[in-house]
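Just follow the structure's listing: the first ligand is 1, and inside any ligand the first atom is 1. What you see is a predicted model, and the numbers here were worked out from it, not measured in a lab.
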Amino acid sequence: MKKVILAAALLASTAGMAQRFEENRSKFEQLGTLLPTPNTYRTASGAPGHDYWQQRADYDMQIELNDEKQQITGTETITYFNNSPDELGYLWLQLEQNIFDKNSTANLTKTSAMEEKVSMYQLGFMTLEQFDGGYKIKYVKDKAGNALKYTVNGTMMRIDLPHALKSKGSFSFSIAWSYNIHDHNKLAGAPGNGRMGYEYFAKDNNYLYEIAQFFPRMAVYDDVYGWQHKQFLGNGEFTLPFGNYKASITVPADHILGATGVLQNPNEVLTATQISRLQKAKTAKTPVVIVTQEEAEANEKDKSTTKKTWKFAAQNVRDFAFATSRKFIWDAMQITQDGKPVMCMSYYPKEGNPLWGKYSTQAVAHTIRTYSKRTVSYPYPVAISVHGPVGGMEYPMICFNGGRPEADGTYSEQTKYGLISVIIHEVGHNFFPMIINSDERQWTWMDEGLNTFCQYLSEQEWQREYPSRRGEAYKIVPYMSMEQSKLEPIMTNSEQVSQLGNNAYAKPSTALNILRETILGRDLFDYAFKQYATRWAFKSPQPADFFRTMEDASGVDLDWFWRGWFYGTEPVDIALEDVKAFNADTQNPEKENPISKAQANEQKTISQIRNEKDIQKTLVDENPELKDFYNSYDRYAVTPQSKSRYEQYQASLSDEEKKLLASGENFYSLKLKNNGGLVMPVILKLDFEDGTNEIVRIPAEIWRMNNKEVSKVIHTSKKVVQFTLDPFQETADIDTDNNAFPSKAAPTRFQLFKQQNRRPANPMQEAQQTQGGQPSNR
Ligand SMILES: [Zn+2]
């Protein structure tokens, strides 16, 4: 404990200040030229500008599935609306199936190394050699049936227009194509595989198809890049314009099919029983089974040779996908979202039960409700979750999800929550990027990061303490603790990110959670986030539009936050280096002198202690004539002079100063160091002597003059016994050992490592075995 004397403030030394300012200002400098210059298409506030435009593409498709050859053929008529102010001489289309061509850029540039142990996954690129993948384009014709000149460039195709397409004009043309559908599990290691394909079930000799990126789709032409011209390499997903879709899909008559959009001809493809069950689902409180497991098992044996055509229509979507199989069980439950009906549905083979029947449609409905609250009201009439070979992939109104129990019907906790989480995530993608249509090929984080953040919030509303994989600040610590050279900023193109999961999902979702809980608070954040979603629903935002809207709508300058979290790779590591305690010195000799005297006598040195025993008599003791005034002088005695000096000092003080002196306040001078580099708020817990505590929150701007080291004085009426930095683990501080004063060694539990189980623990199965229960039949 030290004493502090009220005195005039010292002028800070100006030496080295200019240099320090240079070093420090970068953290709080405005993003400036890192962001594009605002214009009439995209404003400085982050909203679409008054000249904002976007293209539109309508599709009319006839598709046929060949279940014997696992082949798909189609013709499509695309009507392209040029809403841009520009004249277009050619059109670009996406041919993403061409990633399965063995000569695709993705395959040729996939780096690989041979080791003594190789997995089939690593050899995926070899299986691709034997697969005849990619589009076979039969023709490209204009409305009158005249062939149009086209050039295939990898996963893209250019169509040369006979006459330039004028601004506000439209152009219709048709394409006929076919391709071989790949076996999803066989081509697991091939680039771009993870999103579609078929699964073959040997036991009942049936196929289950999840079909997407299956038709030539219009590339995006916009005010930012012109024509989107990044080839599909596997990571950077899709960049697509909105439009209206009509699709007729012909499949074996015993198939059950789910797709983007609303079924137009239920009477032609559904039985009377199925139609009446669907009717029931409109008012049901729990999912109604439209095709039961028994019926699906009967279908499995059917192997119909006749065909049926399912017709769908979808308005204002950026894509179209479907799933079909004779193995499908189908259930449905309609909910009302903001006054509009949304039919939530699931399609799954019996292999997915009992998990799928219990949770899938409930998870779909939960997602629609929770995301609508935070972003925009779900605008589509249908939301579907399909179980097949794809682990998790999103399309408008429909998504493909993994998660399958054991053959005996038991499952691990990980499988259960993995399933619910992936459904929330993929259904959540309806909002980001299917409605808030960000450019996935450039910025994975704009849909995955925002969606993973919303997923976390929805999971926490599913059940208390839901085991969310991502979202909490402390969960990003292992990634952010990595060597700097292994990290890329979030603002890195989708194809250049080495750890896509951590960089594009986990870090941005954590950053947004921190922004909500620690920087802005829930009210300001939720308002701004909803504002972003509303502004950009059915439009195409860029990163700057997000950054600017969040600042504009919250009224908080967040440039330092975007700079640190999205443009930087530094971690958070704030250390509480030192705390010095002070009390106000009243200068009243009657009060202070006894305290000083007690402190002076508090601890004798070892020599003093031993001398008292060893030296019986000192020289002065033996010769008292050697003593004078100073041998009996008490430096702590209160004298008339010292009293009068105190009275003069008292007279010089204002009333406020007198009150402070009399208060007995405790002052603590804290020395904080920023070891990590990323500037963050300082959150302190003060534990008082009497067992109570207090939380002090200091905004990140405390670092604006010196981002390496700051000191801060805190005063309290109670005595502090313990200071703790970041007590709620909300800043992703990578080293918490330096977060306490007096310092505390955080105990780490260790486990003697013996063997690694290959499968996740399945206590459900163990319980069944101990009870001697029979495996459930599915
Ligand atoms: Zn995702």
- Ignoring waters, how many protein N/O/S atoms are under 2.8 Å from the Zn ion (ligand 1)? 4
- Message: Is the shortest side-chain heavy-atom distance between K340 and Y380 below 4.5 Å?
- Response: no
Under 3.5 Å, side-chain donor or acceptor atoms of residues 394-403 against the rest of the protein: list the pairs with distances, not counting sequence neighbours.
unit_1	atom_1	unit_2	atom_2	d
Y395	OH	Q213	OE1	2.4
N401	ND2	S385	OG	3.1

- Verify whether one side chain among S421 and E459 offers a donor that lies under 3.5 Å from an acceptor in the other. yes
- Would R535 and T549 count as having a side-chain donor-acceptor pair, cut-off 3.5 Å? yes
- Query: Under 30°, 30 to 60°, or over 60°: which ring-plane class applies to F529 and Y532, parallel, tilted or perpendicular?
  - Reply: tilted
- Within 6.0 angstrom of R516 CZ, more than 12 heavy atoms from elsewhere: yes
